[in-house]
Amino acid sequence: MLLQGRILNDAFRPPIPGWLLIQDQRIVEVGHGQPPSKPDAGDASSIICPGFIDAHLHLPQIDSIGHDGLDLLHWLEEVIFPAEALWQDESWAARQVETAYGRLLRAGTLGYAGFLSSHFHGYVHVVRTGHHWPIRAIVGQTLMDRNAPPALLNQSLARIASSVRSRVNSSINPRFALTCSDELLALAKSRAAPGTYIQTHLAESELEVQRVRVLFPNDPHYAGIYDRHGLLTPHTLLAHSVHLNDAEWQLIAERKSVVVHCPTANIFLRSGVFDLDKARRFGVRLAVGSDIAAGPDLSMPAVARSMIETAKFRTMTIDGAAYIPSPAEVWNLITRGNAEALGWHDAGRIEIGAAADLLVLNPPFQTDDHLVEQLLYTWRDDYIVARIAAGRFVNAPPSPKESFETGPSSRTLQRGR
Ligand code: GUN
Ligand code: ZN
């Protein structure tokens, strides 16, 4: 496959007019100037950039976006747990994976790390869907053994997916300390072979932190609970991390774990304002995620823009807040930065040998100097004219098909499983 366009590899540099040759899922040649033959996609005015990577989302929440007015714990109880319980119906789970993948592709997201429901079959459907839509993924069943409806509690961990299949890697996902006993956290650790990704949530809301303190009175702080179980590793993704003390920041930095900032979700649930200054001062590894459905936007440029706006807001309202990331910095974060955080060292970049997970864009402007700023602040999914995942063109379903379905009837659910 041959692509032509202005190559936007590193957002800190202007795009370079040229072409890419793709074979066997990889970029095998990068050329400047005119392509050697007629391209399969793009032209001299197109932009070619890496596909976006989302470092935190929940597939079973794909139809739960926008239930406003609740704080985190009430929203989980009233909106999210019922939506995830619907996944006990296997055909429903399969359809929801398809729906989520279609929308991710439309948004240009070609890789993600995320959560399924607590049901094993969700993983099977992700692997199946990945055959026709080869989105790269680190994904795991949600693990819970308390403070959630019985339909969502893992009875045993006998059926935790542990395979590495094609582009789907399974991770170990204890939901968060409120829904996991010490026994479950210990079991989670025992199931995480070295190098396995661990995903969880940490200190998203103040009420959550207070409740965790009551449940784990002997731990010095929230991050310390996960650390006591050996769950803070360089392969650990800690979503949110809004309400941390300095000892927690220090610990996370020492463990080289990744904090996944979810700015749109923090605003939607009014959970708090992420402290980017602290993350930088302690040298914590950082990624960024949509956190669908707490975050309303699937589009990673929208999430990246929200990251800038959150930082600006802090500087206007909080003494001592200083750092505001640039558009180029957040653009790089949703491509190569998130790729590094997920251990995909061959992704999020355009170079020989890199995975061919690419977008061809035709935005309605031609600037070079302010290209990334303009892309970020005017972003629309229909700038994307071609999506290439694992070296082949993939078609996202058109948006009108995105009907919001209601779940299977409660009768169906009672009958089975
Ligand atoms: N904390 C525990 N579970 C969740 C979830 O599903 N979404 C968000 N935003 N926070 C959580
Ligand atoms: Zn989450």
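Just so you know, ligand 1 is whichever comes first in the structure, and atom 1 is the first atom listed for that ligand.
- Aromatic ring centres of Trp331 and Phe12: separated by at least 6.0 Å.
- At a heavy-atom cutoff of 4.0 Å, ligand 1 is contacted by no atom of Phe81, backbone or side chain.
- One side chain, Glu254 or Gln250, offers a donor N or O that lies under 3.5 Å from an acceptor on the other.
- Numbered from 1 in the order shown, with element, the atoms of ligand 1 that lie under 4.0 Å from a heavy atom of His240 read 9 (N).
- Interatomic distance, Asp10 CG to Glu351 CD, rounded to the nearest 0.5 Å: 10.5 Å.
- Closest to atom 3 (N) of ligand 1 among all protein heavy atoms lies Arg175 NE, 2.7 Å.
- Under the 3.5 Å distance criterion, with hydrogens and angles disregarded, a donor-acceptor pair is assigned to the side chains of Gln374 and Thr367.
- The shortest separation from a heavy atom of Trp75 to ligand 1 is under 4.0 Å, placing the residue in contact.
- The closest approach between any non-hydrogen atom of Glu208 and ligand 1 is not below 4.0 Å.
- Atoms of ligand 1 found under 4.0 Å from any heavy atom of Ala294, numbered from 1 in the order shown, are 9 (N).
- Proximity of a side-chain donor or acceptor of His121 to a complementary backbone N or O of Trp87 within less than 3.5 Å is detected.
- For ligand 1, the atoms sitting less than 4.0 Å from at least one non-hydrogen atom of Phe176 are 1 (N), 2 (C), numbered in the order shown with element in parentheses.
- Taking the Zn ion (ligand 2) as the corner point, the angle from His58 atom NE2 to His201 atom NE2 is about 100° (rounded to 10 degrees).
- Vertex the Zn ion (ligand 2); arms to His56 NE2 and Asp291 OD1; angle rounded to 10 degrees, 90°.
- Ion pairing between a basic and an acidic side chain is recognised when a charged N comes within 4.0 Å of a carboxylate O; Asp297 and Arg305 show no such pairing.
- Partners of Asp227 under the salt bridge (charged side-chain N to carboxylate O under 4.0 Å, His left out) rule, at least two apart in sequence or in another chain, are Arg255.
- Checking Leu178, Leu269, Leu76 against atom 5 (C) of ligand 1, the nearest heavy atom belongs to Leu76.
- Contact annotation: for Leu72 versus ligand 1, heavy atoms closer than 4.0 Å belong to the side chain alone.
- Ranking protein heavy atoms by distance to atom 10 (N) of ligand 1, first place goes to Glu204 OE1, 2.6 Å.
- Taking the charged nitrogens against the carboxylate oxygens, Asp275 and Arg314 do have a contact shorter than 4.0 Å, which makes a salt bridge.
- When each of Ile198, Leu244, Thr200, Val260 is checked for a side-chain contact (heavy atoms from CB on, under 4.5 Å) with Leu238, only Thr200 meets the rule.
- Ranking the protein heavy atoms by distance from atom 9 (N) of ligand 1 puts Asp291 OD2, 2.7 Å first.
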